[in-house]
Amino acid sequence: MRKRVPVMAGNWKMYKSVAETVEYFEKFRPLVAEATHCEIVIAPPFPSLQVAVEMTRGTPIRIGAQNLHWQEQGAYTGEVCGSMLKACGCTHVIIGHSERRQYFGETDETVNGRLKAALASGLVPIVCVGERLEQREAGQTEAVLIEQLEGGLAGLTPAEFSPILIAYEPVWAIGTGRTATPEIAVEAHRVIRERAARRFGPLPAEYLRILYGGSVKPDNIKGLMARPEIDGVLVGGASLDAGSMASIVNF
Ligand code: PGA
């Protein structure tokens with residue numbers, strides 16, 4: 001029996017128009033109608049959020065955004081703030097994805113700002129951490145995770161920390177077809193939970209849900225979810241197909 005309810009989340013990245021979003025949820029909704037064992041979150045691109053919220057109203061599917069700005073409003077061309085996402089019906093937001101760290105200058109400091117903004121807007125943040133291949137090969141995985149957690153979660157109280165979801169996403173496993181073994185994921189999750197306990201106390205750490213992300217597919221989901229340390233997944237490529245995402249949800 002699991003202590004923590006799993007979260008099965010899909011990150012569409014820069015894929016799917018409004019019309020494709022409608023088509024997806026028409027297919028996806030009946031496939032996950034019986035899924036009461038977990039929480040389901042789908043994160044479409046900004047222009048599809050509204051229609052995704054409408055298409056999933058009255059279902060257990062929750063909608064998340066892929067980013068938000070740390071300011072509440074202002075002259076920040078091209079940015080979107082937490083209250084806009086909340087008003088549009090989003091419940092979750094992904095923060096600090098490795099693609100944002102790699103290509104868009106995301107740092108632990110900006111992750112921290114976005115995280116506080118998400119909490120202030122009442123959104124559940126999904127904070128991503130994970131090491132690059134060369135960092136793993138140099139034996140730096142634990143240090144990298146600790147640094148990302150310390151920086152990303154700086155200044156939070158245990159009460160502020162408690163709704164947060166953390167996604168462990170080793171960069172070398174994202175979009176590469178090279179999934180981390182359940183053992184590698186479990187070891188990283190242990191490091192994250194230990195650090196959370198040290199920073200926020202044993203209880204918030206015990207209830208923290210840590211997702212694994214990186215080439216999660218219908219054929220490796222069972223092995224990952226067999227481990228009680230893995231509290232769900234953040235799925236990229238395989239979430240784009242309603243059928244594969246549904247088989248992941250219904251692991
Ligand atoms: P992937 O992406 O499942 O395509 O590897 C995971 C992610 O980027 O969250």
Side-chain angles (χ1 to χ4, degrees), residues 6-16 20 24 28 32 38-46 48-49 52 61-68 90-106 111 114-115 118 123-133 135-136 141 144-145 148-149 152 164-182 184-186 188-189 192 209-225 227 230-251:
V7 180
M8 313 305 276
N11 170 14
W12 286 359
K13 309 190 178 181
M14 201 170 70
Y15 291 100
K16 291 197 192 293
E20 289 164 334
Y24 180 94
F28 187 60
V32 299
C38 67
E39 293 171 12
I40 308 169
V41 183
I42 301 289
F46 290 132
S48 292
L49 289 176
I61 307 162
R62 298 287 168 264
I63 300 302
Q66 299 173 19
N67 192 22
L68 84 166
C90 288
T91 51
H92 292 66
V93 61
I94 299 172
I95 296 173
H97 189 279
S98 66
E99 284 153 14
R100 299 220 55 89
R101 293 180 192 259
Q102 262 179 295
Y103 311 133
F104 303 102
E106 186 86 81
V111 166
R114 295 185 208 278
L115 174 54
L123 293 161
V124 177
I126 305 176
V127 179
C128 304
V129 294
E131 80 288 359
R132 296 194 306 273
L133 183 60
Q135 294 170 323
R136 169 158 289 270
T141 300
V144 168
L145 294 178
Q148 290 176 340
L149 290 170
I164 295 174
L165 304 171
I166 294 193
Y168 167 61
E169 298 208 303
V171 179
W172 48 270
I174 295 179
T176 57
R178 211 181 138 186
T179 328
T181 59
I184 291 180
V186 164
H189 286 211
I192 294 168
R209 288 176 294 175
I210 308 174
L211 320 186
Y212 166 76
S215 297
V216 174
K217 308 274 180 243
D219 62 3
N220 57 30
I221 188 67
K222 275 199 167 52
L224 291 162
M225 293 308 293
R227 309 300 295 257
I230 300 179
D231 305 310
V233 285
L234 181 53
V235 187
S239 75
L240 293 171
D241 178 77
S244 2
M245 188 57 191
S247 24
I248 291 172
V249 166
N250 297 318
F251 69 92

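Start at 1 and go down the list; that is how both ligands and their atoms are numbered. For reference, positions follow the sequence shown, starting with 1. It should be emphasised that the depicted structure is a prediction, and the values quoted were computed from it without experimental measurement.
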Of all the atoms in ligand 1, which lie at a distance below 4.0 Å from a heavy atom belonging to Gly214?
5 (O)

When Ile95 is tested against each of Leu123, Leu68, Ile126 for side chain to side chain contact (heavy atoms under 4.5 Å, CB included), which residue passes?
Leu68

Ligand 1 atoms nearer than 4.0 angstrom to some heavy atom of His97 are 7 (C), 8 (O), 9 (O)

Atoms in ligand 1 flagged as close to Gly175, the criterion being non-hydrogen separation under 4.0 Å
1 (P), 4 (O), 5 (O)

Walk me through it: do Val249 and Phe28 pass the test side chain to side chain contact (heavy atoms under 4.5 Å, CB included)?
CA-CA 10 Å; Val249 166; Phe28 187 60; 4.2 Å; yes

Do me a favour and list the nearest non-hydrogen protein atom to atom 3 (O) of ligand 1 with residue, atom name and distance?
Gly236 N, 2.8 Å

Atom 9 (O) of ligand 1 [closest protein heavy-atom partner, distance rounded to 0.1 Å]
Glu169 OE2, 2.7 Å

In the protein, what heavy atom is nearest to atom 4 (O) of ligand 1, and what distance, to one decimal place, separates them?
Gly237 N, 2.8 Å

Whether Lys13 and Glu99 form a salt bridge (side-chain N of Lys/Arg under 4.0 Å from carboxylate O of Asp/Glu) is what I want to check.
yes

Under 3.5 Å, N or O to N or O, is Glu99 touching ligand 1 that way?
no

For Tyr168, side chain to side chain donor-acceptor pair (under 3.5 Å) partners two or more places apart:
Glu131, Arg136

Determine, using heavy atoms of Gly213 and all atoms of ligand 1, whether some pair is separated by less than 4.0 Å.
no

Under 4.0 Å between heavy atoms, the region of Ala173 that gets near ligand 1 turns out to be backbone

The atoms of ligand 1 lying under 4.0 Å from a heavy atom of Ser215, numbered in the order shown, are 1 (P), 3 (O), 5 (O)

With a 6.0 Å cut-off (strictly less than), is the heavy-atom count around CZ of Phe46, excluding the residue itself, greater than 12?
yes

Under 3.5 Å, is there a donor-acceptor pair between the His97 and Glu169 side chains?
yes

